[in-house]
Amino acid sequence: PDILKTTLKAQPFTAYTTIPKTFLKTNIEKEGFIGKYESLLIPSCAFSAEQIAVFGKIPSASQTAEGYEAINGILAQLDDVKTNYTTASSTDPKVPMGKFTDINATTPVLTQIDEMLNQYTKQRGKRKLAKIFVSSRMESLMIAEASKRETDGGDRLLFNDVGNMMFRGREVVQLDVLDNPVNDYGDVVLIANPDSIAYGPVMEAESESQYDIKMKSYITSVDFMFDVAVIYAEDVLYAKVDYSPSG
């Protein structure tokens, strides 16, 4: 298989917040609150890093690339794959699609995700290693639809040992980060072999605080560096979810 991206180029990110001195005077923990706040800030920044890894999208050259636009995340990289697919698919049916047809959530979604799985197999994706990653809203739709099926056959609603729904033998995993899209992507369904996505942090998140007399506040910052890469494009496929009424 072709390797889509061979180099991780980590970008630095910094999150800032202020804690007014007057707040600390009235807080029961006094200055001890700063340490506690730092311990809460780092996990919050980790979630933002996950958002960037999925939804990051570098803007046009005329705009400043920072924050959620500092790197191309998984979906932006798959958008590039889709561009190549448009020109190459006519000569090679195994060319990765990158982005699948939009899923309309007002019609049966399991059939559409089944078609998405078929495309994943067609493009040589490692189906046995793939998982279906969805938002909590899509997971709810899938479970509600599957629970209405009365057959005892292969489309029966099943859950694995960790409580995740199984569909066509693939585990359906709800990701919190998909509940909070940025860069106007909206809700998406992602089918992927996780081993085909590389996430490279250069350093552990570091926090520090310093008092600024002009602001009468403690300035707390968190620094971290990372990049993300889709290694094998055939192993990753996504689709946008359209919740508008069909027809």
Side-chain angles (χ1 to χ4, degrees), residues 1-9 50-56 71-103 109-135 138-139 141-143 146 153-178 185 187-201 226-241:
D2 294 329
I3 295 177
L4 182 63
K5 186 175 179 179
T6 59
T7 303
L8 290 173
K9 187 177 180 181
E50 291 177 0
Q51 284 184 298
I52 296 171
V54 176
F55 299 107
I71 64 173
N72 275 334
I74 295 169
L75 302 187
Q77 292 177 44
L78 293 177
D79 286 339
D80 291 338
V81 173
K82 175 63 175 179
T83 300
N84 294 330
Y85 173 84
T86 302
T87 58
S89 58
S90 60
T91 58
D92 186 357
K94 294 182 180 179
V95 172
M97 182 179 283
K99 179 185 177 185
F100 192 69
T101 307
D102 289 0
I103 293 174
V109 297
L110 294 182
T111 300
Q112 297 173 78
I113 295 177
D114 200 14
E115 293 172 355
M116 191 176 172
L117 276 169
N118 288 336
Q119 168 59 31
Y120 186 87
T121 303
K122 179 181 177 181
Q123 67 183 35
R124 299 172 298 173
K126 297 179 181 64
R127 182 163 175 154
K128 290 184 178 180
L129 301 178
K131 295 183 179 182
I132 305 171
F133 298 97
V134 298
S135 66
M138 175 54 67
E139 181 190 44
L141 283 177
M142 293 177 69
I143 293 175
D155 62 346
R156 180 177 51 185
L157 178 61
L158 296 174
F159 291 87
N160 61 16
D161 293 340
V162 295
N164 287 337
M165 177 183 175
M166 300 295 295
F167 178 69
R168 302 300 191 209
R170 300 300 92 221
E171 184 180 16
V172 179
V173 181
Q174 183 270 322
L175 288 182
D176 290 341
V177 70
L178 296 185
Y185 272 108
D187 199 358
V188 300
V189 173
L190 181 69
I191 299 178
N193 168 16
D195 291 337
S196 286
I197 299 174
Y199 177 81
F226 72 92
D227 193 13
V228 65
V230 175
I231 305 173
Y232 299 118
E234 62 270 25
D235 278 337
V236 191
L237 181 67
Y238 93 95
K240 288 188 175 182
V241 182

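- The minimum heavy-atom distance between A53 and V228, with the atom names listed, is O-CG1, 3.5 Å.
- With respect to D235 and K126, a salt bridge is recorded, a charged nitrogen being found less than 4.0 Å from a carboxylate O.
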| task | Take E234 and K94 through the side chain to side chain contact (heavy atoms under 4.5 Å, CB included) test and state the conclusion after the steps. | result | CA-CA 8 Å; E234 62 270 25; K94 294 182 180 179; over 6 Å; no
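- At a threshold of 4.5 Å between non-hydrogen side-chain atoms, the residues E50 and Y199 do not count as touching.
- Here the closest heavy-atom approach between residue A192 and residue Y120 is recorded as C-OH, 4.0 Å.
- Formation of a donor-acceptor pair under 3.5 Å by the Q77 side chain with backbone atoms of V230 is found in this model.
- Contact between Q123 and V95 at its shortest, heavy atoms only, is CB-O, 4.2 Å.
- Closest approach of D176 and Q174 over heavy atoms only: OD1-NE2, 3.1 Å.
- A 4.5 Å side-chain heavy-atom check between Q119 and T101 finds every atom pair outside the cut-off.
- From N72, atom CG reaches atom CD1 of I74 across 11.5 Å, with rounding to the nearest 0.5 Å.
- The NZ atom of K99 sits 10.5 Å away from the CG atom of L78 when rounded to the nearest 0.5 Å.
- Looking at heavy atoms from C-beta onward, M166 lies in side-chain contact with E171 at the 4.5 angstrom threshold.
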| field | Verdict with reasoning, I71 to F226, per side chain to side chain contact (heavy atoms under 4.5 Å, CB included) | value | CA-CA 9 Å; I71 64 173; F226 72 92; 3.7 Å; yes
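- Here the closest heavy-atom approach between residue L237 and residue M97 is recorded as CD1-CB, 4.0 Å.
- In this structure, the side chains of V188 and F133 stay at 4.5 Å or more apart for every pair of heavy atoms.
- Looking at heavy atoms from C-beta onward, I132 lies in side-chain contact with L117 at the 4.5 angstrom threshold.
- Summarising the geometry of A198 relative to I231, their closest heavy-atom pair is CB-CD1, 3.8 Å, with the distance given to 0.1 Å.
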| Worked check of side chain to side chain contact (heavy atoms under 4.5 Å, CB included) between F167 and I143 | CA-CA 10 Å; F167 178 69; I143 293 175; over 6 Å; no
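- In the model, Y185 has a side-chain atom that pairs as donor or acceptor with a side-chain atom of D79 under 3.5 Å.
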| request: Please step through side chain to side chain contact (heavy atoms under 4.5 Å, CB included) for the pair M116 and I103, ending with a clear verdict. | output: CA-CA 9 Å; M116 191 176 172; I103 293 174; 4.3 Å; yes
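- Here the CG atom belonging to D227 is positioned 11.0 Å from the CD1 atom belonging to I52, to the nearest 0.5 angstrom.
- In this structure, the side chains of V81 and Y238 stay at 4.5 Å or more apart for every pair of heavy atoms.
- Atom NZ of residue K131 and atom CG of residue N193 lie 9.5 Å apart, to the nearest 0.5 angstrom.
- Looking at Y85 and D92, their side chains never come closer than 4.5 Å, going by heavy atoms from C-beta outward.
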